[in-house]
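Below is one structure, written out as structure tokens; comments come after it.
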Amino acid sequence: MTAEKPVPESQDDRYKKIWAVVSSIPEGCVLNYGEVARLAGMPGRARMVGRAIGRAPKKLKLPWFRVVNAQGGISFKKGSAPYTRQRKLLESEGVEFDQDTIDLQRFSPEQAVDRLLWGPDG
DNA sequence: AAGATGACTAACT
DNA sequence: AAGTTAGCCATCT
């Protein structure tokens with residue numbers, strides 16, 4: 001019989017894990033790359049998250065735009081087409097920008113849960 | 001095969 | 001505030 005895979009997770013499995021975390025981000029919320037990596041069980045692999053998102057099949061309809069950098073900003077060059085596209089998608093969901101950054105605490109999935117439990121007024 | 005690159009981040013200067 | 005250094009690791013040249 002064939003033995004089990006010597007490596008429990010292939011790179012494709014890791015990508016799938018990342019995609020699963022990204023697709024779990026609720027509407028109107030954002031997460032930064034490092035957090036997505038942590039939630040996917042790979043702390044410190046922030047760069048891999050950006051890579052995984054870029055390679056995700058369109059078929060998945062991944063909410064890639066809900067992932068921003070640790071400063072609460074969009075990691076594309078400001079003013080570029082991708083930057084504008086991502087920003088509009090976020091704003092259309094109710095995510096507010098202060099200049100060019102988002103309050104990560106306020107728009108975290110954790111806070112979304114609090115709103116459901118306690119209401120928008122806290 | 002070896003070095004550069006990048007949708008990153010945290011720590012330090 | 002802005003630049004540097006170090007850690008990360010799959011991909012690309």
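Throughout, a chain's letter reflects where its sequence line sits, starting with A, and its residues are numbered from 1. Basis for what follows: all heavy atoms, side chains included, without hydrogens, waters or symmetry-related copies.
Using a cut-off of 4.0 Å between Lys/Arg side-chain N and Asp/Glu carboxylate O, Glu91(A) and Lys88(A) are scored as not salt-bridged.
For the P atom pair drawn from dG7(C) and dA7(B), the interatomic distance equals 22 Å after rounding to whole Å. Rounded to a whole angstrom, the distance from the P atom of dC8(C) to that of dA1(B) is 23 Å.
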Verdict with supporting geometry, Asp13(A) and Ser10(A), side chain to side chain donor-acceptor pair (under 3.5 Å): CA-CA 5 Å; Asp13(A) 290 331; Ser10(A) 68; 3.2 Å; yes

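Between Cys29(A) and Ser108(A), the closest side-chain pair of non-hydrogen atoms is not below 4.5 Å. In this structure, the side chains of Phe76(A) and Arg85(A) stay at 4.5 Å or more apart for every pair of heavy atoms. The side-chain heavy atoms of Arg87(A) and Asp100(A), taken from C-beta on, include a pair separated by under 4.5 Å.
Running 5' to 3' along DNA chain B, contacts with non-hydrogen atoms of chain A at under 4.0 Å begin and end at dG6(B) to dA10(B).
Geometrically, Arg55(A) does not engage Tyr15(A) in a cation-pi contact defined by less than 6.0 Å to the ring centre and at most 45° from the axis.
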Where protein sits on nucleotides 8-13 of chain C, one letter per nucleotide: B base, S sugar-phosphate only, - none, heavy atoms under 4.0 Å: BBBSS-

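Two different hydrophobic clusters hold Val95(A) and Val113(A) under the rule that ILVMFWY side chains link at heavy-atom gaps under 4.5 Å.
For Tyr33(A) against Ser75(A), the heavy-atom pair with the smallest separation is CE1-OG, 3.7 Å.
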